[in-house]
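Data block below; observations after.
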Amino acid sequence: MLTALRDSLAERIQARIEALYGVSHTARPEVPPRRELGDLAFPGALQLAREVKKNPRQIGEEIAAGLELPVGVREVRIEGPGFLNFYLDRSTFAAALLRESPIETTSAEGEKIIVEHTNINPNKAAHIGHLRNAVLGDVLVRSLRALGHRVEIQNYIDDTGVQLADVVVGFADLRGMDLATVSALPEPFDYTCWDLYAEVGRWYEDDPARQEFRRKTLHELEAGNGLRADLGRLIARRIVSRHLKTMRRLGVDYDLLTRESAILGLEFFSQAFESLRQAGAIRLETDGKNAGCWVMPLAESSEFAGLEDPDKVIVRSDGTVTYVGKDIAYQLWKFGLLDMDFRYRYWNEEKVWESVLDGVDDHPDFGRAARVINVIDTRQAYLQKVVRAGLERLNHTEEAARSIHFAYEMVALSPAAADQLGQGGATDDGKRLEMSGRKGIGVKADDLLDQLEAKSRDEIAARDAELESQELEERARLIARAALRFFMVKTTTNRVIAFDFDEALSFEGDSGPYLQYSLVRAANICRRLSEEGLDSEVSPQTAAEIPAELWDDDLWELIYQTAEVRDRIEVAAESLELSQIARFALDLAQKFNALYHRHPILQEPDPDRRATRLAATQAFSKALRTLCEIMGLPVPERM
RNA sequence: GCGGCUGUAGCUCAGCUGGAUAGAGCGGGAGCUUCCUAAGCUCUAGGUCGGGGGUUCGAGUCCUCCCAGCCGCACCA
């Protein structure tokens, strides 16, 4: 509706400018900052002033003079320095808005987009930093799907890497446990590993010679056999299972778990390595600090200017492969650039496909994407560049350009949060503290969710002491999920989140529960109307006949803004700045809550007036529900 | 040293491709509940948008220099 109006207005303005001045100008109507300045504004007269050598107001007058207004536009005025401000026919617009859905759902087709996110090392419990990744990835997926794109979600499991190796060392060498003993350890297994991982770090520090255990383990993990490999498989599986359960509490799902062991075991890397070698993209160093390593020289590209070491190690001198090496092979596979595929198996308990060495014949098609978006924190920007450089060196420049690093800043602990975790000593006066899996410093995702649910239960019980416990639990879960997800999307991606318990646990103001509460209020109005035997819904026909003077500016402001949902989602998904969705949702909810107090519906005797207010409520509810769905915030019936 | 990010109200942060009077939440002060759930609303105080220079009709937004903080530049990821 809004888009169509804007386009037809732009066309007419462009034609006027062409006719008047013989200039071709791209007219871009925008939304004025205050509604009394109109609903759409055209600032082009200001830009044309120099070119046409007239003052902008005069240009505005001239354009407006012969302009035929499209249906739905009531009036045009020249205001300020020379803005053309257009005023819409409010009832017509409202009727159209009630008729259509906030985002026209097109069926998913066309080019496939792979979104890779979460990617937690399978050696410890998920912490709140991982949650930022998972939530951003998930919201991106939901946005893209809502816009009609075909999306495949992959979660990369680094089950042959150093971090897993360290926990294997912890069980095998530090604790002296065998497979059966580790297998019998009780849940929460990821919490046990969290502590053990930190312990191993200290154990290495006490005697650096112990790092030999890590090397040995890494080799066995890559080779895939021996006690250490068995332990690795067991630990990774138990941990991933825990991660998936944590993510499910948040409503985050995956299509495919891509396991690093399969990339190695199925010779993906060997093929990628061979191509890189033949293309001259990597070379074997014979002396210097990288002697015995296969490295990718980066010195010649300006993108990598100023590196201390201009060469990136792809294969270590002991023959094991670095993460970037494996990631290049993985990225090639994602685009279908390796002439090989994974084998796949369905992981029944966790309801997800995973890549394996030996799988089933009947499985969905994975990979072969046209675009790949990797959700990875900004500290790994350099490595993502190296992956792209790898594709470029193999002459896959198109695919390199379609490899998008969705970068976001990390989550750190506020000084207060560090104190509460007993890490107060780790912060130097008032500075935030970076989380560290290696040191065991961080807020575990499940702990935070537990706290959020406990607080939700308290809040609900305080409002309704009679509520049965099952219903209470259910509501608490929905509120906790919304609080946490919204907390993670509301901040812009290039800002470090200084995690603070009070803030994260707040259900007021800029919060997920605030949005939920607004929707519950809107729903309550409709329910009460039905109970009173009144119309609980306004039809588009009724809306179209609302007398113009009943549209108070604040009611109109809300309904007009709900028309922007699709635009906002599109801009957010394209710019990868998903916080815009959160801000928009908050803005709508704040406006609605203000109206809620100013314009009561149930007590309003005049049916036209009631219809006007209800139409705004309806449009709001539809819009915010859509936004919540895209952010993954569930909407409870009651709170 | 090189690269990236950040600096806006007491605190946490918005401010979309430069545009009309710089906003929100929290916190502070004053109020609102026989009336659709107060997880709410209204009013109020609080700002040389880190600093200097520049570009232009117009700069929180673009360019440049400087200051401060954080993060990268591993045979970890």
Side-chain angles (χ1 to χ4, degrees), chain A residues 28 30-34 37 41 43 46-47 49-50 55-56 79-83 85 119 121 158 161-163 166 289-295 303-310 312-318 320 322-324 327 376-383 407 409-410 412 414 431-432 434 437-438 456 459-460 462-464 479 490-492 494-498 500 502-503 506-511 513-514 516-518 520-529 532 567-568 571-572 575 577 579-580 582-583 586-587 590 593-598 600-604 617 638-639:
Chain A
R28 305 167 80 174
E30 51 192 45
V31 179
R34 298 187 309 281
L37 295 168
L46 284 73
Q47 292 145 18
R50 211 171 329 163
N55 91 50
E79 272 159 328
F83 285 98
N85 292 352
N119 299 5
N121 263 295
D158 183 0
V162 174
Q163 294 207 23
D166 283 347
K289 69 187 266 276
N290 292 333
C293 299
W294 285 88
V295 302
E303 201 186 7
F304 293 99
L307 288 180
E308 272 171 27
D309 181 353
K312 180 66 201 170
V313 172
I314 303 297
V315 180
R316 302 183 186 104
S317 56
D318 66 359
T320 57
T322 60
Y323 167 77
V324 211
D327 213 21
I376 304 176
D377 83 82
T378 186
R379 290 174 297 184
Q380 295 192 42
Y382 161 68
L383 291 178
E409 276 288 356
M410 62 170 171
S414 71
K431 297 239 176 96
R432 62 195 181 210
E434 189 171 342
R438 172 154 294 284
S456 305
E459 297 283 342
I460 297 163
R463 287 165 177 79
D464 183 358
I479 291 166
K490 75 173 175 182
T491 307
T492 47
N494 52 11
R495 187 180 286 280
V496 175
I497 293 181
D500 183 80
D502 290 340
E503 207 188 318
S506 165
F507 294 169
E508 294 165 16
D510 294 350
S511 74
Y514 177 83
Q516 293 178 310
Y517 187 65
S518 312
V520 167
R521 277 185 151 172
N524 284 345
I525 295 172
C526 297
R527 205 186 57 244
R528 286 295 309 277
L529 284 169
E532 303 285 323
D567 273 9
R568 300 291 195 118
V571 170
S575 62
E577 192 49 88
S579 62
Q580 293 183 33
R583 293 288 155 191
L586 269 179
D587 200 27
Q590 281 169 357
N593 276 319
L595 296 186
Y596 180 87
H597 290 276
R598 266 201 297 273
I601 294 176
L602 213 56
Q603 282 73 32
E604 175 54 52
T617 301
R638 308 199 180 202
M639 283 175 79

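Below, chain A is the first sequence line, B the second, and so on; all start at residue 1.
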Legend entry - Side-chain H-bond candidate by donor/acceptor type, A/Glu577 with A/Ser579, under 3.5 Å: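 Short answer, yes.
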Got [X] and [Y] here, is their nearest side-chain heavy-atom distance under 4.5 Å?
X	Y	result
A/Ser518	A/Tyr596	no
A/Gln380	A/Tyr323	yes
A/Gln163	A/Asp158	no
A/Arg438	A/Asp166	yes
A/Asp510	A/Gln590	yes
A/Leu383	A/Ile376	no
A/Ser575	A/Gln580	yes

Which part of the nucleic acid does [X] contact within heavy-atom distance under 4.0 Å: base, sugar-phosphate only, or nothing?
X	result
A/Ala582	nothing
A/Gln163	nothing
A/Ala41	base
A/Lys289	base
A/Thr322	sugar-phosphate
A/Asn121	sugar-phosphate
A/Asn85	base

Roughly how many Å apart are [M] and [N], using the [atom1] atom of each and rounding to a whole number?
N	M	atom1	value
B/G58	B/C41	P	40 Å
B/U37	B/G18	P	46 Å
B/G28	B/G3	C1'	43 Å
B/G52	B/U8	P	15 Å
B/G53	B/A59	P	14 Å
B/G27	B/A45	C1'	12 Å
B/G19	B/A38	P	38 Å
B/C13	B/G7	P	10 Å

Inset, instruction - Answer yes or no: does atom CZ of A/Arg638 have more than 12 heavy-atom neighbours from other residues, nucleotides or ligands under 6.0 Å? - result: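 Incorrect, the count does not exceed 12.
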Within this structure, what is the [atom1]-to-[atom2] distance between [X] and [N], rounded to whole angstrom?
X	N	atom1	atom2	answer
A/Asp377	B/G4	CG	P	18 Å
A/Ile497	B/U6	CD1	P	14 Å
A/Asp510	B/A24	CG	C1'	6 Å
A/Arg583	B/U12	CZ	P	14 Å
A/Asp502	B/G27	CG	C1'	12 Å
A/Leu586	B/U12	CG	P	19 Å
A/Gln580	B/G15	CD	P	7 Å
A/Glu409	B/C13	CD	C1'	15 Å

Legend entry - Footprint string (nucleotides 29-41 of chain B, 5' to 3'): B base within contact, S backbone only, - free, heavy atoms under 4.0 Å: ------SBBSBBS
Inset, instruction - Could you say whether the aromatic ring of A/Phe83 and the base of B/A20 stack, counting only centre distances under 5.5 Å and plane angles under 30°? - result: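 Yes; centroid distance and tilt both under limits.
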Legend entry - Heavy-atom donor-acceptor pair, A/Thr378 side-chain to B/C71 base, under 3.5 Å: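 By the distance-only test, no, there is no pair.
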Legend entry - Involving RNA chain B, stems made of at least three consecutive Watson-Crick or G-U pairs, both distances under 3.5 Å: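 Stems for RNA chain B, defined as runs of 3 or more consecutive pairs: B:1-7 with B:67-73, B:10-13 with B:23-26, B:28-32 with B:40-44, B:50-54 with B:62-66.
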Legend entry - Under the side chain to side chain donor-acceptor pair (under 3.5 Å) test, residues paired with A/Thr322 that sit two or more places apart: none
Inset, instruction - Check every atom of B/C75, B/A20, B/C5 against the side chain of A/Pro32 and return the nucleotide holding the closest atom. - result: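 Closest nucleotide among those given: B/A20.
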Legend entry - Proximal nucleotide (of B/C5, B/C75, B/A77) relative to the A/Leu383 side chain: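 My answer, after comparing the listed nucleotides, is B/A77.
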Legend entry - Phosphate-side-chain proximity, A/Arg495 and B/G7, N/O vs OP1/OP2 below 4.0 Å: yes
Legend entry - Heavy-atom closest pair, residues A/Asn593 and A/Arg521: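 Looking at all heavy atoms of both residues, the closest pair is OD1-NH1, 2.8 Å.
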Inset, instruction - Could you tell me which non-hydrogen atom of A/Leu602 sits nearest to which non-hydrogen atom of A/Leu529, and how far apart they are? - result: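 Between these two residues, the closest heavy atoms are CD1-CD2, 3.5 Å.
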Legend entry - Of A/Val313 and A/Leu37, the one whose closest RNA chain B nucleotide lies more 5': A/Leu37
Legend entry - Most 5' of A/Glu434 and A/Thr320 on RNA chain B, judged by nearest nucleotide: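 So the residue in question is A/Glu434.
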